[in-house]
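Below is one structure; the comments refer to it alone.
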Amino acid sequence: MDIIRLRGIGVSPGIAMGDVLLPKRVVFTSRKELVPAAQVEDELKRLGKAIERTRADLVRVRETIKDKMGEESSFIFEAHLLILEDPSLHTGLENIIRQEKTRAEWALSKTNTRYEQLFESLNDEYFRQRKSDVSDVLTRIYKNLAARREEEKESGREHILVAHELLPSEAATRLGRSEATLGVALDMGGRTSHTAILARSMNIPAVLGLRNITSQVREGDFVIVDGTGGEVIVNPPAAVRREYQAKKEKYEIYRRELQKTARLKALTLDRVRANLLANIELPEEVPMAMSLGAEGIGLFRSEFIYLRTTSLPSEEDHLAIYNRIAREAAPRPVYIRTLDIGGEKSLPQLNIEQEPNPALGLRAVRFSLRNKPLFRIQLRAILRASRQKNVRILIPMVTEVEEIIEVKDMFEDVKDELRREKQKFDEKIPMGVMIEVPAAAALTDLMLREVDYVSIGTNDLIQYFLAVDRSNEFVSYLYKPFHPGVLRLIRSVIQSAQKMEKEVTVCGEMAADPLSAIVLMGFGLRTFSMNPIFIPRIKKALRSIEAKTAEKIVAEALKLSSAQEIEEYVIEEILVRHPQVFLTSRPLEPGH
Ligand code: PEP
Ligand code: MG
């Protein structure tokens with residue numbers, strides 16, 4: 001048998017190996033089957049029954065998942081029940097059956113295609129992924145139209161789940177049975193899909209976005225899923241199996257070690273305390289972040305609220321989510337970043353104009369200040385959630401001080417409004433800005449006269465400073481966090497904040513890379529916010545060094561003139577002084 005290696009996106013680290021299970025896919029009919037006029041009412045009844053069964057199914061699965069995985073994982077089913085109850089879905093399906101005199105299967109098929117086209121036309125990966133929620137509900141109704149419902153019988157045998165795409169409810173049901181599902185490999189999906197989030201929280205190695213794995217494997221094939229390296233190996237020879245078995249064991253020892261680290265303080269060898277916070281996109285991620293040792297939520301990307309609904313979220317929708325995060329993280333702090341949308345991230349609910357140069361366009365706070373009614377709703381909800389006292393606010397992508405003043409004026413206005421309504425909120429709610437535009441970095445001191453803290457978004461700051469699109473693979477060779485210019489800029493922001501005795505955080509990807517984190521520590525940074533799965537490895541790296549040594553190394557490194565020289569110098573110096581940094585933190589690096 002040939003060995004096939006497939007590359008995808010490693011979304012949940014670790015190694016799993018076993019036999020492939022390929023669940024059957026429901027294929028919507030492409031045939032428009034007509035019914036006599038007299039039978040239209042029967043078709044509508046059949047549809048009604050299928051919807052009823054679907055409702056019962058969803059409630060049942062929601063309860064099972066709640067029992068097995070906790071409240072936070074059952075949100076998918078709440079969302080699905082809402083989609084199922086949406087009156088426009090029902091009228092849409094009924095209209096097709098009545099007007100076209102067709103079978104219910106065709107109405108579902110047509111509706112599904114319509115939604116697929118709508119979601120596919122959107123540019124943003126996260127938005128595109130949301131089509132699977134609607135599809136999930138329609139598929140369940142479709143299955144329930146059959147007189148005899150075919151329940152998939154699964155032996156409960158251990159397997160690697162391989163599929164084109166997992167509908168969110170399917171992901172939750174199958175991954176919930178983690179004893180049987182050892183690993184996951186999908187054609188579709190990305191880092192922010194439900195499957196990715198669930199796999200991470202269930203510790204199941206997963207590689208998504210493999211494009212065509214379903215056509216390259218058969219039921220019963222043996223595969224290795226390398227969730228750390230983002231690779232799937234089909235029918236490996238014995239030597240490769242042994243190699244991965246050894247890697248798997250090593251990884252598991254490493255993971256256990258990291259779990260222990262999660263409970264320890266982020267303290268360097270010379271007892272300098274660092275603060276490690278989590279970046280999250282969904283409220284369901286809070287418990288996992290806490291279990292990995294997060295000392296708060298350093299960045300909640302609130303745009304993800306908009307991606308969960310097909311309409312615009314109301315103040316109450318915002319509030320429910322902020323309250324939940326604040327409650328679950330309490331007493332630790334929660335930094336809610338206001339909407340970072342616009343540019344290539346479009347909102348299907350709004351008609352955002354296509355811009356010729358979206359990265360430099362009406363994004364983030366620029367968008368919010370142009371859409372004040374929308375912004376006001378969000379500010380009111382954040383303020384109302386601040387009753388819990390651990391809520392803070394973060395404004396993305398500011399370029400000039402005037403923007404901060406405009407936001408603050410609006411904020412005061414909203415506070416007055418809430419006072420008049422006798423709504424409670426934290427009168428002292430802190431406000432900060434993201435430093436993501438180079439001009440803002442140069443104005444850190446002036447910005448800090450207006451706000452309580454800054455958070456450096458290195459993902460955007462590097463892209464704008466180096467004029468390198470952060471997601472364009474053609475120029476990715478130029479995207480260098482260790483570019484001496486970038487390091488000087490970041491250092492100057494940290495130093496300005498320190499001079500003013502104000503808080504400064506790094507919340508871009510640099511905070512999650514052990515080597516970069518050490519460099520940042522050397523610049524004097526003490527608060528790091530990152531994807532929670534990286535918290536243990538950063539803690540481990542920081543616990544293996546002396547802050548004093550990091551300071552000395554970076555002071556020398558900044559005399560060098562290229563990113564490569566700097567990186568080599570930092571690695572060599574750390575190797576000599578604190579080799580344990582690499583012994584423990586390198587194996588989790590993506591690609592290793
Ligand atoms: C950043 O730009 O570094 C950041 C944290 O924001 P985002 O990745 O959401 O743009
Ligand atoms: Mg950003």
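For the numbers below, each heavy atom of this structure counts, side chains included, while hydrogens, waters and symmetry mates do not. Atoms within each ligand, like the ligands themselves, are counted from 1 in listed order.
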### Query
Rounded to the nearest 0.5 Å, what separation is found between the CZ atom of Arg392 and the CD1 atom of Ile336?
11.5 Å
Look at the side chain of [X] and the backbone N and O of [Y], then say whether any donor-acceptor pair between them is shorter than 3.5 Å.
X: Glu281; Y: Arg301; value: no
X: Asn390; Y: Ala326; value: yes
X: Ser314; Y: Asp317; value: yes
X: Arg7; Y: Gly229; value: yes
X: Asn531; Y: Ala512; value: no
X: Asn459; Y: Glu509; value: yes
X: Thr228; Y: Gly14; value: yes

### Task
Only one of Tyr322, Phe300, Tyr453 passes ring-ring contact (aromatic ring centres under 6.0 Å, His included) with Tyr335; say which it is.
Tyr453
Heavy atom under 4.0 Å from ligand 1: found in [X]'s side chain, backbone, both, or neither?
X: Arg363; result: side chain
X: Arg337; result: side chain
X: Glu509; result: neither

Enumerate the atoms of ligand 1 whose separation from the nearest heavy atom of [X] is less than 4.0 angstrom.
X: Gly457; result: 1 (C), 2 (O), 3 (O)
X: Cys507; result: 5 (C)
X: Leu299; result: 5 (C)

### Query
Would one find an N or O of Arg301, backbone or side chain, under 3.5 Å from an N or O of ligand 1?
yes
### Message
Restricting to distances shorter than 2.8 Å, give the number of protein N, O or S atoms close to the Mg ion (ligand 2).
### Response
2
